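Notes follow the structure.
Because the structure is a prediction, the values reported are computed rather than measured.
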Amino acid sequence: MTRKRTKRRVITPLPPRGLRPKLDRGQIRDLALAHIGNLDAIAKGSADEQLLWDVAGQTLTWSRVAERLGAGMPEMHEQLLLCARLVERYGRTGRVVFTGEDYQLAKDGLSVMDQLAELVDLPTAIEAADWSEAQTNALAASCTGGRLTTHMLERLAA
């Protein structure tokens, strides 16, 4: 007689949210520098498609963190819409650039993302990063002929 195998997902118990380890100062600083570097590259017009995917991934990550923490969700929704406009503009023009209004909104979003980095615990940040990487990879895989499509834009803003 053989034993039945369970199909349940393994759940790793975590301590309560207030007792979970936070990101350390170095990680928070590195994230802030990456955010500023991405914003600067787009503002100067030196960004390419790879950087666009990085920005989409970072926006999805912090949106997921905001959703999990219940903080900064309206601000991150604005960042998702901004990223969707950036993707749409790249699909139309082949360039990754901001308009004047979008640049200011992106600058405001940096402070929101940095504040979320201060608040988030490490397990939540890791889960959000894994989720956003899977979403970004799915978006990249659906890219037809090297161009971004309306379908991808809708998935990003959803």
Side-chain angles (χ1 to χ4, degrees), residues 17 20-158:
R17 189 173 300 274
R20 295 178 192 168
K22 301 271 188 188
L23 299 177
D24 65 37
R25 287 276 147 221
Q27 290 170 320
I28 294 170
R29 183 191 65 239
D30 291 346
L31 285 168
L33 288 173
H35 294 158
I36 291 171
N38 291 346
L39 177 72
D40 187 51
I42 294 171
K44 288 182 177 178
S46 62
D48 58 0
E49 186 176 354
Q50 181 59 47
L51 187 84
L52 178 64
W53 289 119
D54 290 345
V55 169
Q58 119 189 347
T59 306
L60 288 169
T61 297
W62 293 111
S63 174
R64 182 73 164 204
V65 166
E67 180 184 302
R68 291 288 190 236
L69 297 179
M73 290 188 309
E75 293 87 353
M76 285 312 301
H77 182 71
E78 286 297 319
Q79 293 304 306
L80 283 172
L81 294 176
L82 167 69
C83 191
R85 285 193 300 273
L86 197 62
V87 167
E88 190 271 332
R89 192 173 302 119
Y90 178 76
R92 245 184 319 113
T93 66
R95 296 183 55 216
V96 183
V97 292
F98 287 128
T99 62
E101 183 181 298
D102 285 348
Y103 178 70
Q104 184 57 47
L105 186 60
K107 282 176 46 176
D108 296 341
L110 289 184
S111 64
V112 172
M113 290 182 220
D114 291 343
Q115 289 172 358
L116 288 170
E118 296 274 345
L119 294 174
V120 71
D121 57 271
L122 193 57
T124 303
I126 291 170
E127 183 272 326
D130 290 343
W131 177 84
S132 72
E133 184 176 358
Q135 294 296 312
T136 305
N137 289 339
L139 285 171
S142 67
C143 184
T144 58
R147 294 308 242 175
L148 302 170
T149 63
T150 307
H151 171 68
M152 297 168 67
L153 175 67
E154 291 168 358
R155 284 188 60 188
L156 184 62

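Counting all heavy atoms, side chain and backbone alike, A47 lies closest to I42 at CB-CG1, 3.7 Å. For the residue pair Y103 and A43, the shortest heavy atom distance occurs at CE1-CB, 3.5 Å. Nearest approach of A128 to V65, heavy atoms of both residues: CB-CG2, 3.5 Å. Between A66 and M76, the shortest heavy-atom contact is CB-CG, 3.8 Å. Scanning all heavy atoms of the two residues, the minimum distance from L51 to D48 falls at N-OD1, 3.0 Å.
Q27 CD: more than 12 foreign heavy atoms inside a 6.0 Å radius.
For the pair L31/L23, a side-chain contact is recorded, criterion being any heavy-atom separation below 4.5 Å from C-beta on. A 4.5 Å side-chain heavy-atom check between L80 and L60 finds at least one atom pair inside the cut-off. By the 4.5 Å heavy-atom criterion applied to side chains, W131 and E67 are not counted as neighbours. Side-chain contact check for Q135 versus R64: every heavy-atom pair is 4.5 Å or farther apart.
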*asked:* Run the side-chain contact (heavy atoms from CB on, under 4.5 Å) test on V112 and W62 for me, step by step, so that the C-alpha distance in whole Å, both residues' side-chain angles and the decisive distance to 0.1 Å come before the verdict.
replied: CA-CA 9 Å; V112 172; W62 293 111; over 6 Å; no

*asked:* Walk me through whether Q50 and D54 qualify under side chain to side chain donor-acceptor pair (under 3.5 Å).
replied: CA-CA 6 Å; Q50 181 59 47; D54 290 345; 3.2 Å; yes

_One pair to check against side-chain contact (heavy atoms from CB on, under 4.5 Å): D102 and L86. What are the steps and the verdict?_
CA-CA 9 Å; D102 285 348; L86 197 62; over 6 Å; no

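In this structure, S63 OG and E78 CD are separated by 11.5 Å, a value rounded to the nearest 0.5 Å. With values rounded to the nearest 0.5 angstrom, L33 atom CG is found 11.0 Å from N38 atom CG. Atom CG in L110 sits 10.0 Å away from atom CG in L105 (nearest 0.5 Å). Atom OG1 of T59 and atom NE2 of H77 lie 13.0 Å apart (nearest 0.5 Å). We find the CD-CG distance between Q115 and L69 to be 12.0 Å, quoted to the nearest 0.5 Å. Note that CG of L82 and CD of E101 are 9.5 Å apart. Values are rounded to the nearest 0.5 Å.
Of the N and O atoms on the side chains of W53 and E49, at least one donor lies less than 3.5 Å from an acceptor on the other residue.
Side-chain N or O atoms of T136 include one that pairs as donor or acceptor with a backbone N or O of S132 at under 3.5 Å. The main-chain N or O of E118 is never found under 3.5 Å from a side-chain atom of K22 such that the two would form a donor-acceptor pair.
Here the rule is side-chain contact (heavy atoms from CB on, under 4.5 Å) with T99, and of Q104, R85, R89 only R89 fits it.
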